[in-house]
Trainee: 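For reference, the structure I am asking about is given below.
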Amino acid sequence: MASEVPLIELNADADEETLADAVTGVEVVIFCAETVSPAHRLRARKGAPPILARVVEAARRARVGRLVHVSTADVFGPDHNARINEKSVVKPAHAYERLKLAEEEWLLENAADLEPVILRPARVFGEGEDWITPRLMAAMVRGRVWLPAGGRAKQTFVAAEDVGRACLAASDRGRPGHRYLVGGFDSTWRDFLVSAARAVGFAADIASVPYDIAFLRALGVETMTPEGAIVWPGTYAVDVIAKPRYYDDSYSRRELTWSPSVGSLEQDIPAMTPWLNRLPEVASALAQAPLQTGATSPPGR
């Protein structure tokens, strides 16, 4: 976004004085902080996370004209067998999905004076993603990676920079109180990993594990994990990889007069390669070149 408009970037842990100074005199606040991490075992709760409530109050005191909130398309849940659009039924199943939907509802109910606009991006990928990509890349450089349902379920991916561009479009042309899907292109996790491995310099060895087995194993891991601790793979991660999550964002493209600039994995993976090379387990494997690949047992065995 910084290349398009004057931008003040603020960390989520900024103190009250810094936050107040940052929002003074600005027209739009774009809230894209990670309020909850999908990498952790979560429990659904009502209300707003403290950081969102703080930003809303600071924006209100500064008389900010608009607040754009970056949520997630995962609020629709994992159990859709057709392409999802803005009129599809919202059916969140996992704690993360329910928490993000609760954020949206709280914002619309409590911050109408800030003309809130909500964006629901599809599967965001790019440098700095710290949940799925680093873990699957680490598994691949150690040997065979086992994906639930083979990672062949259709997904809509969107590049992080395109989400930024959608935020700018929502700032200018979004309708207050409306929610917009933000998509990019359709692919699969399997294709993503094959492209990423090729860019780094090794062949991906991907095998399939039945969904039910992967889900039950993840449920066991999750049950034994304390609330708030990192869980991998949890049931949410299994559903993200194994179940179709693909979206029709034609409404938002028309309403916001916006379209993505990245239309395929092959277009953006080269720019991600330096970051992929720096991932700790990938960097360690590259230091022992040539990469050694070998089979491992599937999850649960």
Side-chain angles (χ1 to χ4, degrees), residues 32-47 49 52 69-81 84 88-105 118-126 128-139 145-158 160 163 181-183 187-190 192-193 206 208-247 298-300:
C32 53
E34 185 180 67
T35 53
V36 290
S37 169
H40 294 78
R41 186 184 179 197
L42 303 171
R43 177 180 294 180
R45 294 182 174 87
K46 295 183 179 180
L52 178 58
H69 177 61
V70 181
S71 181
T72 172
D74 283 352
V75 296
F76 285 98
D79 298 318
H80 295 266
N81 293 316
I84 295 168
S88 299
V89 177
V90 176
K91 299 186 293 184
H94 297 278
Y96 179 80
E97 298 166 344
R98 295 195 295 271
L99 285 166
K100 298 305 289 184
L101 182 61
E103 286 179 16
E104 295 181 10
E105 299 295 344
I118 294 171
L119 296 184
R120 291 170 165 175
R123 188 65 50 218
V124 182
F125 74 100
E129 188 268 300
D130 61 358
W131 178 35
I132 291 184
T133 302
R135 289 173 171 83
L136 292 183
M137 290 295 292
V145 59
W146 296 81
L147 297 183
R152 298 182 184 276
K154 185 184 294 185
Q155 311 279 332
T156 298
F157 289 85
V158 59
V163 178
L181 281 168
V182 177
S187 190
T188 67
W189 276 107
R190 185 183 187 91
F192 176 87
L193 292 177
I206 301 173
S208 177
V209 61
Y211 169 79
D212 290 346
I213 293 176
F215 188 88
L216 288 173
R217 178 181 181 275
L219 183 61
V221 171
E222 208 166 90
T223 302
M224 299 300 294
T225 302
E227 182 180 341
I230 292 176
V231 55
W232 179 262
T235 55
Y236 177 46
V238 168
D239 275 357
V240 164
I241 295 171
K243 290 192 173 182
R245 292 178 186 246
Y246 53 108
Y247 306 95

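Just so it is clear, the structure is predicted and the values come from calculations on it, not from any experiment. Sequential numbering from 1 along the given sequence is applied to the chain's residues.
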Trainee: Taking atom types as modelled and ignoring hydrogens, do the side chains of Thr35 and Glu103 form a donor-acceptor contact shorter than 3.5 angstrom?
Mentor: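 Looking only at side-chain atoms, Glu103 and Thr35 do form a donor-acceptor pair, the distance falling under 3.5 Å.
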
Trainee: Could you tell me whether Tyr96 and Trp131 have their ring centroids closer than 6.0 angstrom?
Mentor: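 So the answer is no for these two rings.
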
Trainee: Does Phe125 form a side-chain contact (heavy atoms from CB on, under 4.5 Å) with Thr133? I'd like the steps, not just the answer.
Mentor: CA-CA 8 Å; Phe125 74 100; Thr133 302; 5.6 Å; no

Trainee: Quick one: closest heavy-atom pair of Val158 and Val182, and the distance?
Mentor: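 Looks like CG1-O, 4.1 Å.
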
Trainee: Below 4.0 angstrom, N of the basic side chain to O of the carboxylate: do Glu227 and Arg41 qualify?
Mentor: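 The answer is no: the pair does not qualify as a salt bridge.
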
Trainee: Under a 3.5 Å distance rule, please check whether Glu222 uses its side chain to pair with a backbone N or O of Thr225 as donor and acceptor.
Mentor: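 Checked: no pair found.
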
Trainee: Can you see which heavy atom on His94 is nearest to which on Asp239, and at what distance?
Mentor: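 Taking His94 first and Asp239 second, the nearest heavy atoms are NE2-OD2, 2.7 Å.
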
Trainee: Would you confirm whether Arg98, through its side chain, and Ala93, through its main-chain N or O, come within 3.5 Å as a donor-acceptor pair?
Mentor: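 Present.
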
Trainee: How close do Leu181 and Tyr247 get, heavy atom to heavy atom, and via which atoms?
Mentor: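 The pair with the smallest heavy-atom distance is CD2-CD2, 4.0 Å.
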
Trainee: Just by modelled atom types, is the Gly228 backbone N or O under 3.5 Å from a matching donor or acceptor in the Arg43 side chain?
Mentor: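 Not a single qualifying donor-acceptor pair exists.
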
Trainee: Give the C-alpha distance, both sets of side-chain angles, the deciding distance and a yes or no for side-chain contact (heavy atoms from CB on, under 4.5 Å) between Arg245 and Thr156.
Mentor: CA-CA 6 Å; Arg245 292 178 186 246; Thr156 298; over 6 Å; no

Trainee: Walk me through it: do Lys100 and Val36 pass the test side-chain contact (heavy atoms from CB on, under 4.5 Å)?
Mentor: CA-CA 8 Å; Lys100 298 305 289 184; Val36 290; 4.1 Å; yes

Trainee: Relative to the ring of Phe215, is the ring of Tyr211 parallel (under 30°), tilted (30 to 60°) or perpendicular (over 60°)?
Mentor: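 Judged by the thresholds at 30° and 60°, the geometry between Tyr211 and Phe215 is tilted.
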
Trainee: Go through the steps to decide whether Tyr236 and Leu42 satisfy the test side-chain contact (heavy atoms from CB on, under 4.5 Å), and finish with yes or no.
Mentor: CA-CA 10 Å; Tyr236 177 46; Leu42 303 171; over 6 Å; no

Trainee: Let me have the donor-acceptor pairs involving side chains of residues 148-155, under 3.5 Å, with sequence neighbours excluded, atom names and distances please.
Mentor:
from: Gln155; atom 1: NE2; to: Val240; atom 2: O; distance (Å): 3.0
from: Gln155; atom 1: NE2; to: Lys243; atom 2: O; distance (Å): 2.9

Trainee: Is any NZ, NE, NH1 or NH2 atom of the basic residue among Glu97 and Lys91 found under 4.0 Å from an Asp or Glu carboxylate oxygen of the other?
Mentor: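 Here Glu97 does not pair with Lys91 in a salt bridge, since their nearest N and O are not under 4.0 Å apart.
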
